[in-house]
Amino acid sequence: MAAAAVSIAASLSASAETPAPAGGDAAAQKPIPTLHCEFKAMSACTPDGDCKEGNEVAGIKVPVKVTVDFENSVVSAVDESGFARTDKFDGVAETADQLVMHGIDGPFGWQLLLHKSTEAASMSFATADSLIGGFGTCSAK
């Protein structure tokens, strides 16, 4: 599950497009800068409601560090072997005051939510029998 979770965290990218401003002037729209995210709190839950939090959850070592590169539509993280892994994400949507990214990687569906007015972020990975989630921050360092 550790490889899948890191793989999912790394696989956040493909349609990093934000809606054009009113009037259709896409040239006036600024690109989204590359974000560096750190998730310091992670939990793993089972269908019976048993959740565990810790420095290593389901084989994922906390903190989890993720880079979100909107220009190239990729998300990168370090896998369990210590090497970088970069993948495309399936979609990005803008809603309320958040960017929502989602995708599928192997048996996992995943989602990354980024608050647009603060550095707050959350991520989750799910299968039919497990849920891994975490809270952290993302900033354009």
Side-chain angles (χ1 to χ4, degrees), residues 1-22 24-141:
M1 185 178 268
V6 171
S7 167
I8 294 164
S11 72
L12 306 167
S13 168
S15 303
E17 301 170 5
T18 54
D25 185 7
Q29 180 135 3
K30 292 182 181 179
I32 301 170
T34 296
L35 300 177
H36 300 282
C37 306
E38 185 171 18
F39 296 91
K40 294 181 179 181
M42 298 288 293
S43 298
C45 300
T46 59
D48 63 4
D50 182 35
C51 296
K52 295 186 177 24
E53 184 178 346
N55 292 333
E56 186 168 328
V57 176
I60 302 169
K61 291 183 178 156
V62 179
V64 175
K65 295 183 179 185
V66 177
T67 299
V68 183
D69 180 348
F70 291 97
E71 182 177 350
N72 294 302
S73 300
V74 296
V75 172
S76 303
V78 176
D79 68 16
E80 71 283 353
S81 69
F83 289 98
R85 176 181 165 90
T86 300
D87 283 315
K88 297 274 186 188
F89 53 79
D90 295 334
V92 177
E94 183 175 350
T95 180
D97 198 23
Q98 297 184 102
L99 288 178
V100 180
M101 289 175 268
H102 59 88
I104 299 170
D105 191 354
F108 287 87
W110 59 263
Q111 191 170 53
L112 175 64
L113 287 92
L114 308 171
H115 196 266
K116 290 173 56 181
S117 299
T118 70
E119 294 184 352
S122 69
M123 67 177 181
S124 61
F125 315 102
T127 65
D129 62 357
S130 64
L131 176 66
I132 302 169
F135 294 96
T137 59
C138 293
S139 65
K141 297 180 191 180

Is there a side-chain contact between C138 and E119, using heavy atoms and a 4.5 Å cut-off? no
Nearest heavy-atom contact between G54 and V62 is O-CG2, 3.5 Å
Answer yes or no: is there a side-chain heavy-atom contact under 4.5 Å between L35 and T67? no
Heavy-atom closest pair (K88 atom, N72 atom, distance to 0.1 Å) is NZ-O, 3.2 Å
Of all heavy-atom pairs between A128 and P47, which one has the smallest distance, and what is that distance? O-CG, 4.4 Å
Any donor-acceptor pair under 3.5 Å from K40 side chain to T137 backbone: no
What I'd like to find out is whether the side chain of V78 reaches to under 4.5 Å of the side chain of K65, using heavy atoms alone. no
If you round to the nearest 0.5 Å, how far is CE of M42 from OG of S124? 9.5 Å
Indicate yes or no: does D50 engage K52 in a salt bridge with an N to O separation below 4.0 Å. yes
Spacing of F39 atom CZ and S122 atom OG [to the nearest 0.5 Å]: 7.0 Å
Less than 4.5 Å apart, side chain to side chain, heavy atoms only: is that true for K61 and N55? no
Does any part of the side chain of L99, heavy atoms only, come nearer than 4.5 Å to the side chain of I32, both counted from C-beta? yes
If you look at every heavy atom in S76 and T86, which pair is closest and at what distance? OG-OG1, 2.8 Å
How many angstroms lie between CG in L131 and SG in C51, if you round to the nearest 0.5 Å? 7.0 Å
Give, for atom CD1 of I132 and atom SG of C45, the distance between the pair rounded to the nearest 0.5 Å. 9.5 Å
Close side-chain approach of M101 and W110, heavy atoms under 4.5 Å: yes
Taking the side chain as every heavy atom from C-beta outward, state whether L112 and V68 have any pair of such atoms under 4.5 Å apart. yes
Going from NE2 on H36 to OG on S139, what distance comes out if it is rounded to the nearest 0.5 angstrom? 7.5 Å
Any side-chain heavy atom of S130 within less than 4.5 Å of one from F108? yes
Over all heavy atoms of both residues, which pair between V66 and V64 is shortest? Give the atoms and the distance, please. CG2-CG1, 4.0 Å
